[in-house]
Amino acid sequence: MSNVRRILAVVLAVVLCAACFTACGNGGNDSTTAPASSGAEATGIAAATSIADLKGMKISAQTGTFHADARAQIADVQGETYPDFTELLTAVRSGAIDGYIAEEPTAISACKKYSELGYLRLVNNDTGFTATAADVGIAIGLKKGSDLLDKMNEVINGITEEQKSQLMEQIISIKNGETVESFVLESEEPENPTGTLKVAMECAYEPYNWTETSSDEATLGAVPISGEGKDGQNANGYDVQIAKYVANKLGMKLEIYAYEWDSLIPALDSGTVDAIVAGMSPTEERKQQIDFTETYYESNLVVIYKK
């Protein structure tokens, strides 16, 4: 992506705060439209027009993520961070928190599934909160000095922005039970792999990655989760399809391993896995620990809330 396009991406896609729209409830209204009319005056997060309106609310985020840093920019923010997105979703639906910060695809997927949820997009303005394209983008994490970096960048740079967007739409569709015949981004598995690409992700952060059990009907493109005690479990999601595409293009066999968020980088550092493909942003702090490829997706940040 050129410097000009990166600047535009930051200006248009980043963070906080004119809360400019809501609701994708009631089956998933177009999230780019104006707030849906409910016949009642909006209150709470739904009525927010700036970051100042979120002052003192219980806004949560996943521990150890840039979302948690974004949360800290809210004045007198209440509540706490949670270790994974499943707990965040449960907390907001139960009313334990007012909302939580996530990427827009996560919000769209959640709102399609639960009609009582809505979300507000967080956009840059002059409030003093800033975020870089790296903060809102996601990239593949690699061990420092990995010889896979240039090879993976070549593959990623060959994926168009239109393909990235369409793939995310398809992933959200299949997660919500809709039929998708084939993915816009596909490649043939190598008949004679030159090696194995071991990839780590949470398998608990839909639509980027999730787990399917043996009792579920495997969705299009699902990949078995490797490791002890994972028999009968598959992984799928945007990250899975990117990992599969990259592995195929490199002529390698793909293996996916499930780790908790805080264990992803240690697993990479130890050599247990070769790469992290887990919706991870290539922040400056993380770049001190590991290398990152070019971003394979960029998104807006949002606050998901219960209407």
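Bear in mind the structure is a predicted one, so any value in this text is a computation, not a measurement.
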Met201 vs Ile256 side-chain heavy atoms within contact, under 4.5 Å: yes

Parallel, tilted or perpendicular: rings of Phe85 and His67 (30°, 60°): perpendicular

Sidechain-backbone polar pair: Asp274 side chain, Lys198 backbone, donor-acceptor under 3.5 Å: yes

Counterpart residues, side-chain contact (heavy atoms from CB on, under 4.5 Å), relative to Thr272 (two or more places apart): Tyr259, Ser270

Ile265 with Leu148, same ILVMFWY side-chain cluster at under 4.5 Å: no

Flag, side chain of Ser165 to backbone of Glu161, donor-acceptor distance under 3.5 Å: no

Side-chain heavy atoms of Tyr82 within contact of Ile97, under 4.5 Å: yes

Check: Glu202 and Gln62 side chains under 4.5 Å, non-hydrogen atoms: yes

Any pair counted as salt bridge (charged side-chain N to carboxylate O under 4.0 Å, His left out), so long as it reaches residues 278-288, sequence neighbours left out: Glu284-Lys287

Min side-chain heavy-atom separation Phe183-Ile174 under 4.5 Å: yes

Short side-chain to backbone donor-acceptor contact, Asn153 and Glu294, under 3.5 Å: yes

In one Ile/Leu/Val/Met/Phe/Trp/Tyr side-chain cluster, 4.5 Å: Met280, Val155: no

Min side-chain heavy-atom separation Leu89-Leu117 under 4.5 Å: yes

Thr194 (side chain) donor-acceptor with Gly251 (main chain) under 3.5 angstrom: yes

Side-chain ion pair, Lys144 and Asp291, N-O less than 4.0 Å: yes

Under 3.5 Å: donor-acceptor pair, side chain of Thr293, backbone of Ile140: yes

Whether Glu212 side chain and Trp210 backbone form a donor-acceptor pair below 3.5 Å: no

Euclidean distance, Ile172 CD1 relative to Tyr208 OH, rounded to 0.5 Å: 8.0 Å

Heavy-atom side-chain contact between Ile159 and Tyr296 under 4.5 Å: no

Intermediate values then yes/no, side-chain contact (heavy atoms from CB on, under 4.5 Å), Thr81 and Thr65: CA-CA 10 Å; Thr81 58; Thr65 66; over 6 Å; no

same_hphob_cluster(Val246, Leu264) at 4.5 Å side-chain heavy-atom cutoff: no

Point-to-point distance, once rounded to the nearest 0.5 Å, from OG of Ser281 to CG of Asp69: 10.0 Å

Glu260 atom CD, neighbour heavy-atom count above 12 within 6.0 Å: no

Side-chain (Gln170) to main-chain (Val180) donor-acceptor, under 3.5 angstrom: no

Flag, side chain of Thr196 to backbone of Lys253, donor-acceptor distance under 3.5 Å: no

Flag, side chain of Asn248 to backbone of Tyr245, donor-acceptor distance under 3.5 Å: no

Short side-chain to backbone donor-acceptor contact, Lys306 and Arg93, under 3.5 Å: yes

Single-linkage hydrophobic cluster Tyr238~Phe292, side-chain heavy atoms < 4.5 angstrom: no

Among Asp239, Asn236, Val199, the one residue meeting side-chain contact (heavy atoms from CB on, under 4.5 Å) with Asn209: Asp239

